[in-house]
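Sequence lines set the chain letters: A, B, ... in the order given, protein chains first and strands last, and positions in each chain run from 1.
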There are 2 protein chains.
Amino acid sequence: MVRISAVDRRDQLVEAAIRVMSREGLERTTTRRIADEAGAPQGAFHYAFRDKNELLTAVVGAVTLEVEKVLRDAVDPALGLAAAIEDGLRGYWAHAVADDGLRLMQYELTIFCRRTEGFEWLAEWQYARYASAALEVFDAAATFETRALDISMTDLTNFLVAAMDGLVIQYEVTRDAERCERDLAHVIRAATLLTGLEPSRAPGRGPLVGRPNPD
Amino acid sequence: MVRISAVDRRDQLVEAAIRVMSREGLERTTTRRIADEAGAPQGAFHYAFRDKNELLTAVVGAVTLEVEKVLRDAVDPALGLAAAIEDGLRGYWAHAVADDGLRLMQYELTIFCRRTEGFEWLAEWQYARYASAALEVFDAAATFETRALDISMTDLTNFLVAAMDGLVIQYEVTRDAERCERDLAHVIRAATLLTGLEPSRAPGRGPLVGRPNPD
DNA sequence: AACCGTCTTGGTCGTTTGACCAACTAGCAG
DNA sequence: CTGCTAGTTGGTCAAACGACCAAGACGGTT
């Protein structure tokens with residue numbers, strides 16, 4: 001028997017919880033299943049956490065941090081705002097598609113917070129972190145632009161976060177990666193149009209604007 | 001004691017279920033609570049429905065129909081596509097804000113379907129209905145346009161559905177109606193820009209495009 | 001009036017859940 | 001070696017759940 005410190009036990013259980021929750025869903029994630037997944041006895045759970053909600057709080061924190069990291073890694077601010085939008089959204093998208101169960105879990109957790117008295121702040125905090133991380137990244141990119149923008153940076157990041165949330169939901173429901181990738185391109189184009197800047201790179205088939213695109 | 005036909009009992013329970021679920025959330029919605037809300041004894045539930053899942057299927061159907069109706073009522077195709085986008089989105093938005101618990105419930109149900117084996121089709125069906133209803137409405141409006149559009153109608157409606165989903169989630173989390181209404185305006189503008197058409201109406205402060213909008 | 005299918009009702013079953021606990025043990029400090 | 005703290009363990013509890021059922025009541029039909 002290997003003895004594990006309480007903090008390590010917490011990390012171990014949080015990671016196990018994330019695995020179970022993204023695989024099976026929040027509702028089916030019981031403290032027993034989490035302990036099993038971590039290879040720990042059931043009683044160890046309530047030694048590491050006061051209750052299930054305390055674990056869920058830790059899970060939300062861990063997942064939020066990871067999303068922030070993905071966004072930061074995807075963007076090089078020096079390439080300008082238009083490129084930042086394209087790279088940031090595509091980077092997040094790749095991350096979302098790579099583990100769709102995890103994305104589903106995030107929405108389950110957000111709704112759980114919104115539904116549980118005393119946990120509304122967690123959902124707010126989560127999205128505030130998203131917004132501020134995005135604002136930080138895109139703001140840095142905007143400093144490399146000479147032209148004034150048609151939209152404020154906070155409004156732009158709000159738009160981006162909302163659009164990506166909607167897109168991920170569509171992907172979760174339809175599982176149609178091809179269609180969603182096309183939709184992603186439209187979101188990128190829409191965001192760029194909102195800024196009033198030129199598209200970041202020449203797309204394959206010439207300029208994006210002013211071309212009829214019949215169904 | 002008033003005797004009620006089995007179909008009426010179903011409607012009664014579905015409506016009660018919608019009330020309970022939007023108020024308390026899917027997890028806390030038990031068959032007992034539904035029966036209580038409907039003023040029916042617990043046993044009546046399994047007389048009207050085989051399963052809890054059968055009821056949930058009926059609930060999804062009812063809610064989906066209502067959303068379609070809201071969209072149709074909000075739009076007058078004869079006013080053109082740009083006006084249809086503005087009216088459709090604002091109409092849906094007003095409906096979403098009016099009963100935010102109901103919107104939360106919809107996401108809970110969508111995720112539930114996605115998580116429950118054998119119910120994935122329900123989530124797909126739900127969003128296919130949204131997409132086709134939106135396509136029908138906006139397509140009708142597009143026939144009044146003379147100019148060719150920069151985007152296909154299916155791509156446009158996908159964009160609109162995704163953007164509204166994301167926006168509603170933001171509202172559910174932040175509860176900041178003022179901010180979300182500003183975001184809604186940006187979604188409308190973005191969608192209009194994607195089509196390549198002029199905005200539907202002169203906004204309060206002059207043309208929307210080409211004006212610096214500093215933070 | 002007698003009948004019978006539709007609907008109603010309260011109770012009960014087996015299961016699962018989060019929480020809790022008392023007993024136990026490893027390993028460090030003195 | 002002794003004593004103490006931090007960590008471990010399996011069992012147990014009350015509560016709540018979905019499902020099910022047997023028995024009864026209603027009301028239209030004959």
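- You'll find the side chain of B/T64 reaches within 4.5 Å of the side chain of B/W125, heavy atoms only.
- Across the protein-nucleic acid pair, A/E27 atom CD and D/dC17 atom P stand 12 Å apart, rounded to whole Å.
- To the nearest angstrom, P of C/dC20 lies 16 Å from CZ of A/F49.
- Rounding to whole angstrom units, CG of residue A/D36 and C1' of D/dT9 are separated by 14 Å.
- If you check C/dG18, D/dC17, D/dC20 against the side chain of A/T31, the one that comes closest is C/dG18.
- Distances from the side chain of B/Y47 to the nucleotides D/dA6, C/dT6, D/dC20 place C/dT6 closest.
- Considering every non-hydrogen atom in both B/M105 and B/V63, the closest pair reads CE-CG2, 3.4 Å.
- Using a 3.5 Å distance cut-off with no hydrogens or angles, the side chains of B/Y130 and B/D165 do not pair a donor with an acceptor.
- The nearest whole Å value for the distance from the CG atom in B/L13 to the P atom in D/dG18 is 13 Å.
- Between the side chain of B/R32 and the base of D/dG18, at least one donor-acceptor pair of N or O atoms lies under 3.5 Å.
- Put simply, CD on B/Q12 is 13 Å from P on C/dC7, counting in whole angstrom units.
- Among C/dC20, C/dT17, D/dC17, the nucleotide with an atom closest to any side-chain atom of A/R33 is C/dT17.
- Here C/dA19 presents its P atom at 5 Å from CG of A/D51, a figure rounded to the nearest Å.
- Listed nucleotides: D/dA19, D/dG10, C/dA19. Nearest to the side chain of A/K52: C/dA19.
- Note: CZ (B/F112) to P (D/dG18) measures 11 Å, nearest angstrom.
- Comparing atom distances between the A/Q42 side chain and each of C/dC20, D/dG10, D/dG18 picks out C/dC20 as nearest.
- Using a 3.5 Å distance cut-off with no hydrogens or angles, the side chains of B/R129 and B/Q126 do not pair a donor with an acceptor.
- A/R50 comes within 4.0 angstrom of nothing in the nucleic acid, heavy atoms only.
- Rounded to an integer number of Å, the gap from CD1 of A/I34 to P of C/dA19 is 11 Å.
- The side-chain contact (heavy atoms from CB on, under 4.5 Å) test with B/V14 is passed by exactly one of B/L56, B/T57, B/L55: B/L55.
- Among the nucleotides D/dA19, D/dA6, C/dG18, the one closest to the side chain of A/H46 is C/dG18.
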